[in-house]
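Counting from 1, the numbers follow the sequence of the chain as shown.
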Amino acid sequence: MSSQLRQLSDWWLPFAAVGVSLVVYASTAAPAVGLIDSGELSAGCYLLNVLHPTGYPLYTLLGRLASMIPLGSVANRLTGLSAVLSASGVGLFVWLCRRLGFSAWAAAGAGLVLAFSVPVWSVSTDAEVHALTLVLSVLVWLGVLEAGQRRGLLLVAYLAGLALTNHMSVVSVVVGAGLAVSLVMGRELPRRLPVVVLLILLGLSPYLFLPLRARAGPVMAWGNPVNLERFWWHVTGRQYQVWMFSLPASQVLANAGRGVVMLGRSLAWVLIPAAAAGAFAMFRARRALVLGLTAAGTLSFLYAVNYSIPDIEAYFLPAMLTLAVFAAAGLELAVRRWRTVRFAVLLPAVVLLAAGFSDLSRRGHYVAYDAAVNTLASADSGAVIMTDWWDLYAPIFYLQHVEGLRPDVCVVDRELVRRSWYLGYLDRNYPWLMERLQQEKADYVFYLDQFEHGRLRDPAAIQRCFISLLRGFLVRDDMRPTYVTFAADAGPDARQLLSGLAVVPVGLLFRVGDDSGLPAFDYTQLEVRVPGSGLDQRTRVNLERYRYFARERARALLNAGRPEEARSLAAWVDMKLRPVAGQR
C-alpha cells in the first residue's frame, strides 16, 4: 500500500507544486509592461525580433507562441509565460527530489522554498528569459540521474546544448552536469564523445534563428547577426563583456556580500545548516551529483558577483537550484528524525511566501507603463525624442510597435546610437530622420567600424562625429519639435550635445529649441500610480523622475514670473508620490 501511495505522490505532488506556484505568481504578476527588459522582450517575441545579446532564440520562439494567445495584452501574455515556466520548473524540481528518493514532505518543502526564493519569484511576474533557464537547468539535472545509461547521456547532451540557447548563466549548470557525467561514466565517456558533441550541436540549433531572422528584416535586429563575425559577437555577448570580470576587488566583495544575503534570505536562513547537512549526507551516496551541483553553484555565484547590473538576482538562479537540492536532502534528514512534526518542513516556505508578497510582488506596478505613456503625452505631434534611459525606451518601444501608441513620435536611444546595427534600425523605421544626415552618418560609421573591430586610434574623432550626428537629430529644419529626457548638465555627452541650445522642461521632457519660451503644460493629465509593494531601488528611481522634472519645471516657472503654477506643480507631485515619501 505504501509503495502505491509513493507512486501516486510521484505524479500528483509535482502538479500540486506547479498549481500552488502558478497561483502565487499570477496573483503577484505585473499588470502591464514593466521596467528593465520587459518592453523589449514582449515586443521582440511578438514581432520575432532579434533580442539583445545573447539573442535568446528558444525563448523568442516560445514567446511568439505565447504572444498569440488572445488573452490580455501582449505584455500580459509574456508575463504569463514567465509564470508558467517558473511554475513548471518548480514542478520538475519536486519530481527531481522524488527521483532522488526524498519523501513527499521534503520534496514539497524544498520545492516551495525554491518557488518563493528571490531568484525564482523575481523572474516569474514579468516578461523575463530566466524562468526558462530554471526549466532547462532542472531538466539537465534530471538527465544526469540517468547518465549511466546511453539514453541518459544522450539526453543530457541535447539538453545542455538547448539550455545554452537561452542564457549564458546556464553555462555553470552545463559545466557542473558535465563534471557529474564524467565522474559517473569514467573511461566510457571518451568513446561516446562524437555522438555527445553531435547532440550538443543539435541542441544549439535554435541559434540558426538569429541570422535567418536578421536577414528577413524584422523591426529590430539587435546586433544584426547576418554574418559569422556579428553572429559570434552576439551570441557571446561581446558588447557586455566590458562589464564582466573587470570589477575592482572591493566591488566583487560587496557583490558577494549581497549575494550571500540574498541566497540566505531565499533559504529563510534556517535552511542554511539543513543544506550543509544535506550536502554531506548526499555526498556519501551520490558523490558525482553533489560535486557537479557544487561546481555549478560555485561557478554561478562567481559569475554573478563579477557582473554588476541592477537585476543581478536572476544570475544566482543556478546557485539557488544547487542549494535547494541540498536543502531538500537536509529536510529529508529532519523528516526521518522527527516524523510526528514533519509538516514543520513547510514552515520556511510559508515565511518566504509572506515576505515575498511584500517585497517581490509586482501587482499594481504600472510604473514603466505610466512613465512611457506620460512621456509620449509630453511631446507634440510628430516629435523627435532622444533618451538615455533604457527603462523608458524599452516600454515606449513596446507601446509604439505592439500597441500602436503615438506612432507619430520618433524615439531615439542615445546610447544605442553607439552601435552600428541601431543606425540600420533608424534607417528602416525613420528614413525621414536619416535622409539629410547621410554625411554625418558616413563620417561617424567610419570611426564606429574601427571601434567595433578594436582598431580605433582617434577617440576624439569618433566622439566629435557622434555628437554631430546626435545634434542632427535635434536641430532640424522640418519644423518637427525635438525633445530630450536628460538635462544639459547630465554628463559630458549631454553638455556637448546641448551646448548653445535652449532647453526648457515640458511634462517629462526637455524641449530643445533656439528660444527660451516656456509653453504651458497641464501636469494633471498625467496618471501616476505608485505601487503598494515591491518598491525596490529601481522602482523608486523611476518614480523620482517625476519629482525631478517637476522641480526643473518649477524653477523655470519661477524664473518666468509664474509662481502660482510652480506652487501648484509642487503640490501635485507631492500628492502623487506620497506613498513613497520617506521610503529608505
Is a donor on one side and an acceptor on the other found under 3.5 Å between the side chain of Asn166 and the backbone of Val129?
yes
Here's one to test your reading of the geometry: is the NZ or CZ of Arg418 within 45 degrees of the ring axis of Tyr444 and under 6.0 Å from its centre?
no
What do you reckon, is CZ of Phe397 surrounded by more than 12 foreign heavy atoms closer than 6.0 Å?
yes
Would a distance-only check, ignoring hydrogens and angles, find a side-chain to backbone donor-acceptor pair under 3.5 Å from Thr165 to Leu162?
yes
Could you walk me through whether Asn542 and Thr539 satisfy the side chain to side chain donor-acceptor pair (under 3.5 Å) test, starting with their C-alpha distance in whole Å, then the side-chain angles of each, then the deciding distance to 0.1 Å, before giving a yes or no?
CA-CA 5 Å; Asn542 278 273; Thr539 301; over 6 Å; no
Check: Tyr398 side chain, Glu403 main-chain N or O, donor-acceptor pair, under 3.5 Å:
no
Under the 3.5 angstrom rule, does the side chain of Trp390 hit a backbone N or O of Ile36 as a donor-acceptor pair?
yes
Distance flag, aromatic centroids of His365 and Tyr369, threshold under 6.0 Å
no
Measure the shortest side-chain to side-chain distance between Arg230 and Ser420 over non-hydrogen atoms and say whether it is less than 4.5 angstrom.
yes
Given Ser86, which partner from the list Ser21, Ser124, Ser122 fulfils the side chain to side chain donor-acceptor pair (under 3.5 Å) test?
Ser124
Mark yes when over 12 heavy atoms from residues, nucleotides or ligands other than Arg455 sit less than 6.0 Å from its CZ; otherwise mark no.
yes
Any side-chain heavy atom of Tyr422 sitting closer than 4.5 Å to one from Val412?
yes
Using 30° and 60° as the class limits, which term best fits the ring planes of Tyr430 and Tyr425: parallel, tilted or perpendicular?
perpendicular
Would you say Phe451 has more than 12 foreign heavy atoms packed within less than 6.0 Å of its CZ?
no
Are any side-chain N or O atoms of Asn49 and backbone N or O atoms of Leu51, one a donor and one an acceptor, separated by less than 3.5 Å?
no
Test: Arg258 and Glu313 ion pair at under 4.0 Å:
no
If I compare all heavy atoms of Ala327 with all of Leu267, which pair ends up nearest, and what's the gap?
CB-CD2, 4.4 Å
Using the ring of Trp389 (Phe, Tyr or Trp, six-membered ring only), decide whether Arg545 places NZ or CZ under 6.0 Å from its centre and within 45 degrees of its axis.
yes
Kindly say whether Cys465 contributes a backbone atom to a donor-acceptor pair with the side chain of Glu440 at under 3.5 angstrom?
no
Proximity of Trp233 and His453 rings by center, below 6.0 Å
yes
Measuring centre to centre across the rings, with the benzene-like ring taken for any Trp, is His167 within less than 6.0 Å of Tyr315?
yes
Arg215 (side chain) donor-acceptor with Val226 (main chain) under 3.5 angstrom
yes
Determine whether a donor-acceptor pair (N or O, by modelled atom type, separation under 3.5 Å) exists between the side chain of Gln438 and the backbone of Met434.
yes
Kindly indicate whether the side chain of Leu48, heavy atoms from C-beta on, has any atom under 4.5 Å from the side chain of Pro218.
no
For residues Leu134 and Phe93, determine if any side-chain heavy atom of one lies less than 4.5 Å from a side-chain heavy atom of the other.
no
Please confirm whether the backbone N or O of Gly72 pairs with a side-chain atom of Arg77, one donor and one acceptor, at under 3.5 Å?
yes
Is a donor on one side and an acceptor on the other found under 3.5 Å between the side chain of Arg362 and the backbone of Thr28?
no
Heavy atoms of other groups near Arg428 CZ, more than 12 under 6.0 Å
yes
